J.: 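Have a look at this one before I ask anything.
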Amino acid sequence: MNILITKFKELSYKQMVLYTIIGLCFVASVIFVHHNYSFYERPIAKVIKTNLEDTTEMIDMHNNKDHLFTQQITAEIKNGESKGKILHLTNQYSSSGAYDQEYRVGNELFVSIDTNSKENTELTGSIKDVKRDKFVLYIAWVFIFILLIVGKKQGLFSIISLAVNAVLLSYALDIYLYDPETSLLLICSISVILFTVISLLLVNGFNDKTYAAIIATLLGTFVSLFIAYLVMWVTSGKGLRYEEMQYLTRPYRTVFMAGVFIGSLGAVMDIAITMSSSIFGLYEKNHNISVKALKTSGIDIGKDIMGPMTNILFFAYISGSIPMLILYLKNASPLGFTLSMNLSLELARALAGGIGIVLTIPIGLYTSIYFVNRKRARS
C-alpha cells in the first residue's frame, strides 16, 4: 500500500490528468456497452431462462458420433417496438459445436421476431447471432492497458496511430465501394503512405531516425509490390486459386494485390524502424564510429531479424487457413488439392511480404547511414 501511495505522489500533474481521463473513458465505455441496445437496429434479446428438452445421438457416414440438443429459451427483448416483452426461442446445438453453441442465462442475442404472432399470444422468433461487443471491449482495454504500462508515452501514441489508421482504412474502402471506377491500388498506395507517416511520426517523433524509417518502409513496400505484380504478370497467375474470392463483384485479382500491399506493410515497417533505431543507436553511443562499422553491424542485425520476421509473417497468414485445412482433410480431400485450394493465396502473400522484409534490410541500412552522415555534417 505504501508503494502505491509513493508512486501516486511521484506522478506529475499531467500524468494524473491523463490517467484520470483514461480511467473515465474506461468506466464510460463499460457503462455504454452495457446499455447500448437502442443503438442497434436489429432486435436484441437477453436470455432469462433456459430449458434442455431433448437429446439425440447422431452418427454420420464416417462413424463420427455427435449429440444434438434442443434447448428452449425465454428471453426479454431489450430494444425496438417490442422492448420489454418476453420472447420464446428454440435453439439446437451439438456437442461438437461446429456451427452452433449452447446459450446460458445472461447471454444477449440478435434475434428475428416472427411477424405472424397474433396479439395476446406469446412472441416467438429465431436466433441470428450473439451480441459480443462487451467481450470485445474488455479485450481491447486489456490491450490498451498493457500497451500503456509497457510503452507509456509511446504506447499512448501507438494507440492513437492505430485508431487513426483504422479510420483512414475504413474511409479508403468506402471510397472504393461508392466509386468503383477509382483504382483500388491507387487508394491503397495513398493509404500506405499515410499509414507509414502517421504511425512512425506519432510513435517516434520528428527526427532523422523516423525519416529514415519512413523512406525505407515506403521503398521496401512499393518495391515488393512491384516484384509480386511482375511475377504474377509473367506467370499469368498460374497456381493461385481465387475460388474463395470470386463471389466479389469487383476484380478479385486487384483486390488480392491490394491485400498483399496492405498486409506486407506491417512487417516492412517493423524491419525499417528496427534498422533505423539500431544504426542511430550505434551512432549515439559512439559519434566517431565509421561507416564500415555501421554497415557491418547493420548487416548482422538484419541477418538476426530476417529469419524470425519472415517466419512470423508466414505463420500469421497460414494460421487463418488451419480450420479449412482440417475441414478439407476430414472430408477425405487429397492433400495436394487441399493445400492448393487453401494455401496458394496465403503463401503468395507471405512470399511477397518476405521479399519486402529482405529488401528493406539493405534499404533501411543505407538510408539510415545517409541520415547519420547528414547529422554528422551538421554537427
Side-chain angles (χ1 to χ4, degrees), residues 1-49 73-87 101 103-113 127-175 177 191 194-195 197-205 262 266:
M1 188 66 181
N2 292 331
I3 296 175
L4 293 175
I5 295 173
T6 303
K7 290 290 185 182
F8 181 78
K9 290 180 178 178
E10 291 176 356
L11 295 176
S12 65
Y13 176 75
K14 289 183 178 180
Q15 289 176 322
M16 291 177 63
V17 171
L18 177 61
Y19 292 149
T20 301
I21 292 173
I22 294 172
L24 290 174
C25 289
F26 171 72
V27 173
S29 63
V30 171
I31 294 173
F32 171 77
V33 82
H34 281 81
H35 301 85
N36 63 348
Y37 307 111
S38 60
F39 288 86
Y40 288 91
E41 294 181 358
R42 293 190 292 173
I44 299 171
K46 186 174 183 178
V47 178
I48 58 177
K49 184 180 178 181
I73 297 173
T74 304
E76 179 187 358
I77 301 175
K78 307 298 291 185
N79 63 339
E81 297 177 356
S82 302
K83 180 179 179 180
K85 294 182 179 180
I86 299 300
L87 180 68
Q101 69 179 87
Y103 299 115
R104 296 179 174 84
V105 174
N107 289 153
E108 295 172 342
L109 312 173
F110 290 108
V111 299
S112 64
I113 303 172
I127 300 169
K128 297 299 182 183
D129 201 356
V130 183
K131 184 174 181 286
R132 298 185 176 90
D133 52 359
K134 289 187 291 188
F135 308 107
V136 174
L137 177 72
Y138 296 146
I139 294 173
W141 274 109
V142 169
F143 168 71
I144 290 171
F145 286 139
I146 292 175
L147 201 58
L148 290 173
I149 291 170
V150 175
K152 295 181 174 59
K153 183 179 179 181
Q154 283 77 12
L156 177 62
F157 285 129
S158 297
I159 296 169
I160 295 172
S161 68
L162 180 62
V164 172
N165 288 338
V167 172
L168 286 175
L169 180 60
S170 176
Y171 180 70
L173 293 177
D174 283 341
I175 292 175
L177 289 175
S191 300
L194 293 176
F195 294 157
V197 173
I198 291 172
S199 299
L200 293 178
L201 287 180
L202 276 175
V203 176
N204 297 288
I262 298 293

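Note that this is a predicted model, so its numbers are computed, not measured.
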J.: For the CD1 atom of I127 and the CD1 atom of I73, what is their distance to the nearest 0.5 Å?
T.: 4.0 Å
J.: Start with the C-alpha gap between I86 and I48, add the side-chain angles, then the distance that decides, and say whether side chain to side chain contact (heavy atoms under 4.5 Å, CB included) holds.
T.: CA-CA 9 Å; I86 299 300; I48 58 177; 3.8 Å; yes
J.: Hey, does L168 have a side-chain heavy atom less than 4.5 Å from the side chain of N165?
T.: yes
J.: Taking atom CD1 of I44 and atom NZ of K83, what is their separation to the nearest 0.5 Å?
T.: 11.0 Å
J.: Distance-only criterion, 3.5 Å: show the donor-acceptor pairs between side-chain atoms of residues 21-33 and protein atoms not counting sequence neighbours.
T.:
{"from": "S29", "atom 1": "OG", "to": "C25", "atom 2": "O", "distance (Å)": "3.0"}
{"from": "S29", "atom 1": "OG", "to": "F26", "atom 2": "O", "distance (Å)": "2.8"}
{"from": "S29", "atom 1": "OG", "to": "W141", "atom 2": "NE1", "distance (Å)": "2.9"}

J.: Are the side chain of N107 and the backbone N or O of V47 linked by a donor-acceptor pair below 3.5 Å?
T.: no
J.: Heavy-atom distance under 4.5 Å between the side chains of F110 and V130, does that happen here?
T.: no
J.: When the side chains of residues 154-163 are checked against the rest of the protein, which donor-acceptor pairs come out under 3.5 Å, sequence neighbours left out?
T.:
{"from": "S158", "atom 1": "OG", "to": "Q154", "atom 2": "O", "distance (Å)": "2.8"}
{"from": "S161", "atom 1": "OG", "to": "F157", "atom 2": "O", "distance (Å)": "3.3"}
{"from": "S161", "atom 1": "OG", "to": "S158", "atom 2": "O", "distance (Å)": "2.8"}

J.: Considering non-hydrogen atoms only, spot the tightest contact between H34 and K134 and give its length.
T.: NE2-CD, 3.4 Å
J.: Identify the two heavy atoms, one from S82 and one from I77, that lie closest to each other, and give their separation to 0.1 Å.
T.: O-CB, 3.5 Å
J.: Using side chain to side chain contact (heavy atoms under 4.5 Å, CB included), reason through I144 and L147 one step at a time and then give a plain yes or no.
T.: CA-CA 5 Å; I144 290 171; L147 201 58; 5.7 Å; no
J.: Enumerate the residue pairs fulfilling side chain to side chain donor-acceptor pair (under 3.5 Å) with a member in residues 36-46, sequence neighbours excluded, ordered by first and then second residue.
T.: N36-K131, N36-D133, Y37-E108, Y40-D133
J.: Working to the nearest 0.5 angstrom, can you tell me the gap between K153 NZ and L148 CG?
T.: 13.5 Å
